[in-house]
Amino acid sequence: MTTRTDESLDDYEERFQLSYKRARCTLDPKSLKFLLLKGIPEDLLDTLHFFAGGYIYQLPYDDIKTLLETILGQPEREVGEVNL
């Protein structure tokens, strides 16, 4: 499973979670982490490394999910908008 060309990281993560739930199988967290990160393009992985404070591969699966939720949960702002 990989991101589609016009798919946001948020949509990919949601599709990944839904596909995993539908599969009705259980994978260990290490395998889940590998599958999730394998589908993310390299340029987005560089951004995730930045937010993770190092290589995102070193984080446990639950921490990666939390990081994605934190990043993706931030509302997008209009250009020039200041959040006070």
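Predicted model only: the values in this text are computed from it and were never measured. Note that the numbering runs from 1 along the sequence shown for the chain.
- Residues passing the side chain to side chain contact (heavy atoms under 4.5 Å, CB included) test with D11, sequence neighbours excluded: E7, S8.
- Applying the side chain to side chain contact (heavy atoms under 4.5 Å, CB included) test to Q17 and every residue at least two apart in sequence or in another chain returns E13, Y61, K65.
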Expected list for residues 20-35: side-chain donor-acceptor pairs under 3.5 angstrom, two or more places apart:
{"unit_1": "Y20", "atom_1": "OH", "unit_2": "C25", "atom_2": "O", "d": "3.4"}
{"unit_1": "Y20", "atom_1": "OH", "unit_2": "L27", "atom_2": "N", "d": "3.1"}
{"unit_1": "D28", "atom_1": "OD1", "unit_2": "S31", "atom_2": "OG", "d": "2.6"}
{"unit_1": "D28", "atom_1": "OD2", "unit_2": "K30", "atom_2": "N", "d": "3.4"}
{"unit_1": "D28", "atom_1": "OD2", "unit_2": "S31", "atom_2": "N", "d": "3.4"}
{"unit_1": "K33", "atom_1": "NZ", "unit_2": "Y57", "atom_2": "O", "d": "2.7"}
{"unit_1": "K33", "atom_1": "NZ", "unit_2": "L59", "atom_2": "O", "d": "3.2"}

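- Distance check: F51 CZ to I56 CD1 gives 10.5 Å after rounding to the nearest 0.5 Å.
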Check: Checking side chain to side chain contact (heavy atoms under 4.5 Å, CB included) for the pair L48/L45: CA distance, chi angles, key distance, verdict?
Finding: CA-CA 5 Å; L48 292 175; L45 279 177; 4.2 Å; yes
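- Separation of atoms CG (L68) and CG (L37) is listed at 8.0 Å; rounding is to 0.5 Å.
- Applying the side chain to side chain donor-acceptor pair (under 3.5 Å) test to every pair with at least one member in residues 34-56, sequence neighbours left out, gives no pairs at all.
- Note that CG of L36 is 4.5 Å distant from CD1 of I40, once rounded to the nearest 0.5 Å.
- For F50, the side chain to side chain contact (heavy atoms under 4.5 Å, CB included) criterion is met by no residue, not counting sequence neighbours.
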